[in-house]
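Reading through the structure tokens given below for one structure.
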Amino acid sequence: MKVKLTFSTEALPTAIRLLPTILSVAYSDTFKEHLANPRNAGTLEGADAEVEQSNPVCGDRLRLALRVRGRRIEAARFLAYGCPPTLACGSALAWMLEGMTLDEAARLTRAEIAEAAGGLPPRKQHAAALAYETLQESLTLLRT
Amino acid sequence: MKVKLTFSTEALPTAIRLLPTILSVAYSDTFKEHLANPRNAGTLEGADAEVEQSNPVCGDRLRLALRVRGRRIEAARFLAYGCPPTLACGSALAWMLEGMTLDEAARLTRAEIAEAAGGLPPRKQHAAALAYETLQESLTLLRT
Amino acid sequence: MRRVYLDHSATTPVDPRVVEALLPFLTAKFGNPSSVHFYGQEARAAVDRARREVAGLVGARPNEIVFTSGGTEANNLAVRGHCEQAADQGRHVITTAIEHSSVRGICEALERRDWEVTRLPVYGDGVVRVEDVRAALRPDTVLVTVMLANNEVGTVQPVAEIAALVRELREAGQKHLRLHTDAVQAAAGMRVDVDELGCDLLSLSAHKLYAPKGVGALYVRRGVRLAPQNIGGHQERERRGGTESVPLIVAFGEAARLTRVELEERTRRIRSLRERFETGVESRVADIVYNGDRARRLPGVSNISFRFIEGEGLLINLDMQGVAVSTGSACSSGSLEPSPVIRALGRDDELARGSIRFSLGKDTTEEEIDYVLEVLPRAVENLRRLSPLYQKAVGSRQYALRSGS
Amino acid sequence: MRRVYLDHSATTPVDPRVVEALLPFLTAKFGNPSSVHFYGQEARAAVDRARREVAGLVGARPNEIVFTSGGTEANNLAVRGHCEQAADQGRHVITTAIEHSSVRGICEALERRDWEVTRLPVYGDGVVRVEDVRAALRPDTVLVTVMLANNEVGTVQPVAEIAALVRELREAGQKHLRLHTDAVQAAAGMRVDVDELGCDLLSLSAHKLYAPKGVGALYVRRGVRLAPQNIGGHQERERRGGTESVPLIVAFGEAARLTRVELEERTRRIRSLRERFETGVESRVADIVYNGDRARRLPGVSNISFRFIEGEGLLINLDMQGVAVSTGSACSSGSLEPSPVIRALGRDDELARGSIRFSLGKDTTEEEIDYVLEVLPRAVENLRRLSPLYQKAVGSRQYALRSGS
Ligand SMILES: Cc1ncc(COP(=O)(O)O)c(C=O)c1O
Ligand SMILES: Cc1ncc(COP(=O)(O)O)c(C=O)c1O
């Protein structure tokens, strides 16, 4: 466990209680589902790695916490600040990671994260990039 | 009788048979009445003066024929080519002139002709000017 | 009063189906397409749908369509937008003597800023010669703007042939040379396809297509850059700022769709009614002259000069009997000069002043034509009886007759 | 789904009375105002009536009103029209840091053409200082353009006081100096009178006044000359070419009349609803910051930054519950940058990104406000729980609490 949490909580919003979204034009159903019911949000007791990355251009932030048993990711949690795609990518990433081996996680691409988030409009691809970099950083941390 | 007519006719349209006009915005009722039922249109047997004037700028033409007994205008007829105000001014002028003395006719102003035609929009004042000049030319011709 | 509208080149009534399509966008669906929320996305989707329809009407891709406030703005954006963009490559524009007042006006404005403008003649038939374009093209020419169909006499110009010349020069290295065509009138009366025409820019206006006034479009071929004229906001991919008039754009879309679907049938009907009209006029009124080539002409337009009388007088007399027509361009009919278009055909002043445009529409009926054929000859005759020019002509004909017998 | 529209600064629904007024001009009364015949005169008369109503709304004479395709075009015509006209007298413009993207964009375009532009700050309260204007005025200044009320935070600018400065200089011989004010937002929420304001040019847009998008107006004080921007035709006394959008102009006229008659009552209602809203938010949500001076502000606008979260996320979460609001300017909400207006108030990035504009309208109800007060705190809380910034802040507060005890 490399990053010290300055607060403790496991009281998390398992779902942001939202009515079905109408952003039919801009975003997919999967995307909207990630926004309405974010997966794996929060922090993690006994995380083996916790990394926060930010996009210096727009200020978006993503924090990822992983707990590893053997070579497998046993638990993954995220926190995010930024435009909706950043929230959706955080949710998609943390949700995918749970149960993956570290090798599988290392092979994840930006495009796969974007796809898992339900697809992103061209101008919002930076959200997937941030998620990808946060993951890479976490894996690096786990290796050291 | 100073101008020779190259054709003979007294078969005249005493009225252009027209339904009530709707040019309520642009023109007055009097104006429309002059257009719908031109007064004193045509040529004149035994005219003492017949004068045709034209506006060199826009090509409007007005022909005025007068028959005088003593110092009084016994009959007046007009022909006109040009935009509606020219027709209306011709009609108004010929109609006013019948029965006037030559002195009264000489005192007629442009504004009085325009008024008798039912009023003219600012950009159409040249029609009254043409009628006025045609009258003046006729009176001069009668004096010589 | 019985009313017959034969002024469809000036503007058209809105098709009831178009009214129905736009109404929801005045009321429930009132969002601003720039808004991220539901109302905004709903409006954005409607604008995009309309864009596809307008693109479809002229064989373009949706992202090549820029919505404007009308044909005038489309022409401004095309001509000034391109000229400002290309000013460093050359300052010469080729146009014709019969363009709409918007193109004419912009060209005059360019001249005041030291551009050179060549105005091609249209001869007696109202049609530009391709060889004249060839001869006028110069290394510093950056724009050729030739309307597809004229608004007063309806003549159709050889735009595709001109496009071939432009393409040749462009391939020879004159990269900034562009072809613009004003298809505002054409779109209502003939198939318009940007690839068949080979133009780079093409202007449209909805209100000639049974949609409301206040919306138009410029087709901008992919890769053609323009200096935006109405600046502000990110609308129309930064090519035209300002909150989109969603209801009017939706209306335009529906009108474009209906035009595409119905064009063939409309033009067939309209052309046969015009034939009825012209045959009728010829048999009832003497001393008339058609303006503009009668073959290369939009199906709904009949422009006729009536000798010895003046157009505005005839127009008003017809109007007093419920028949709406126009003289000269609708836009300049308040002014005193005879129509520059009719003058460009080489007509003398009298014929130019005596020209009347009858323009038929998709809902014109046989009965309406017959009514006009009833009142028009009388109106002409009455005005001629008032006309000193007519009296002279009749007199000299009688004289000629007498001396010849 | 329950829907609450709190984005009236972006656009407004069309008033049913306005729809009723415009409908006949889509159908039976479809003439082109440039046409001489009945249909044309009928349309012309309607445009003139509307012109009187719009003039009446701002205390102008009818012939001082030029209809445009919207507020953006009015701003373009005012700023570029005057600057092109006055370029020989000077090439300096004074504006503010919080103008609408149209004025901002035009000023940037002027800079690319070697004009100098001074952008005045608005400090923490979003209000320009008259002394700053005085200090910025130079002998070669030809235009001061300061919006009357801002579109994001609603702050009202001291236009009348600035006008006094401008008048002073003009009387001292700087004849070409003009004052333009963008009153697009102001007209919906406060009395606007061109003589009380003392401006030379004033922009309006109908769709902020419960009329359709796609029509606006520029007030041009008698004697002020502008280089026309949309060229073609004789419309609008040669100041703006293009066939008039009669239905939209008629709608604008009716909306102007209704605004004039109902303004006082509307603003009273709206202001009290906003009070209910702001009191409610304050009692339910912590860590909020109001943007813009709360006293000198349009009655319907409430712009609030929510710490620790980002505006677009909140906007979308509210939208998913049927509440329509906006973040940043409606026109640039698709872009990534935080609102330049909120930045101009000196807010840091986080607060600038977390700003949401709630804008109330004449038909907003108490129930709607209460619904928003129900869903907003939950949405904010949920996003904060997801936010690493919030977690940090909560953590350090708890730490501070612990170490302080
Ligand atoms: C050929 C042509 N171009 C352009 C226009 C201008 O279009 P709008 O009336 O939409 O400004 C017109 C019609 O007035 C036209 O006939
Ligand atoms: C202050 C201000 N000016 C100008 C405009 C532009 O007006 P329009 O949307 O009619 O182009 C707007 C609205 O978008 C605005 O809020």
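Reminder, nothing fancy here: chain letters follow the sequence lines and each chain counts from 1. The structure presented is a predicted model; accordingly, all values stated were derived computationally and were not measured.
- Across D:G70, D:G31, D:A211, the residue that shares the most heavy-atom pairs under 4.5 angstrom with chain C is D:G31.
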Step-by-step side-chain hydrogen bond (donor to acceptor under 3.5 Å, both in side chains) determination, D:R240 to C:T72: CA-CA 10 Å; D:R240 199 272 182 185; C:T72 296; over 6 Å; no

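- Scanning all heavy atoms of the two residues, the minimum distance from D:N32 to C:T11 falls at N-CG2, 3.5 Å.
- Put simply, of D:G232, D:A28, D:G71, the one with the most heavy-atom pairs under 4.5 Å next to chain C is D:G232.
- Around atom CD of D:E20, no more than 12 heavy atoms belonging to other residues, nucleotides or ligands sit under 6.0 Å away.
- Partners of D:K362 by salt bridge (Lys or Arg N to Asp or Glu O under 4.0 Å), not counting sequence neighbours, listed by chain and number: D:D15.
- Only the side chain of D:L23 comes within contact range of chain C, with heavy atoms under 4.5 Å apart.
- No other option in D:T12, D:V79, D:V103 has as many heavy-atom pairs under 4.5 Å with chain C as D:T12.
- With a 4.5 Å cut-off on side-chain heavy atoms, C:T27 and D:V19 count as touching.
- Looking at D:E244, only its backbone comes within 4.5 Å of chain C, counting heavy atoms on both sides.
- Heavy atoms of D:V215 lying under 4.5 Å from chain C are absent altogether.
- Under the 3.5 Å distance criterion, the side-chain polar atoms of D:R80 are matched with a main-chain donor or acceptor of C:Q229.
- Counting all heavy atoms, side chain and backbone alike, D:P212 lies closest to C:L26 at CG-CD2, 3.6 Å.
- Counting heavy atoms of neighbouring residues, nucleotides and ligands inside a 6.0 Å radius, atom CD of C:E238 exceeds 12 of them.
- Considering every non-hydrogen atom in both D:Y39 and C:A324, the closest pair reads CD1-CB, 3.7 Å.
- With chain C as the partner, the residue from D:P16, D:S69, D:G105, D:S205 showing the most heavy-atom pairs under 4.5 Å is D:S69.
- Among D:V14, D:N76, D:N75, the residue making the largest number of heavy-atom pairs under 4.5 Å with chain C is D:N76.
- Under a 3.5 Å cut-off, the side chain of C:S245 and the backbone N or O of D:K213 do form a donor-acceptor pair.
- In this structure, no portion of C:V323 lies under 4.5 Å from any heavy atom of chain D.
- Looking at D:K29 and C:P13, their side chains never come closer than 4.5 Å, going by heavy atoms from C-beta outward.
- Side-chain contact between C:F38 and D:M1 is absent, with no heavy atoms from C-beta onward closer than 4.5 Å.
- Chosen from C:G40, C:A227, C:S102, the residue pairing most often with chain D at heavy-atom distances under 4.5 Å is C:S102.
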D:M320/C:H37 under side chain to side chain contact (heavy atoms under 4.5 Å, CB included): CA gap, chis, key distance, verdict: CA-CA 9 Å; D:M320 292 196 274; C:H37 50 63; over 6 Å; no

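- Heavy atoms closer than 4.5 Å to chain C are found nowhere in D:E99, neither backbone nor side chain.
- Listed by chain and residue number, C:F277 satisfy the ring-ring contact (aromatic ring centres under 6.0 Å, His included) test with C:F358 (two or more places apart in sequence, or in another chain).
- No more than 12 heavy atoms of other residues, nucleotides or ligands sit less than 6.0 Å from atom CZ of C:R225.
- The closest donor-acceptor contact from the side chain of C:S101 to the backbone of D:G233 lies under 3.5 Å.
- Of all the heavy atoms in C:N230 and D:E73, the pair that sits closest is OD1-CA, 3.3 Å.
- Only the side chain of C:R113 comes within contact range of chain D, judged by heavy atoms closer than 4.5 Å.
- If you measure heavy-atom distances from D:L22 to chain C, the contacts under 4.5 Å come from the side chain alone.
- When all heavy atoms of D:I231 and C:A109 are compared, the pair lying nearest together is CD1-CB, 3.8 Å.
- Here the side chains of C:V36 and D:D319 are not in contact, with every heavy-atom distance at 4.5 Å or above.
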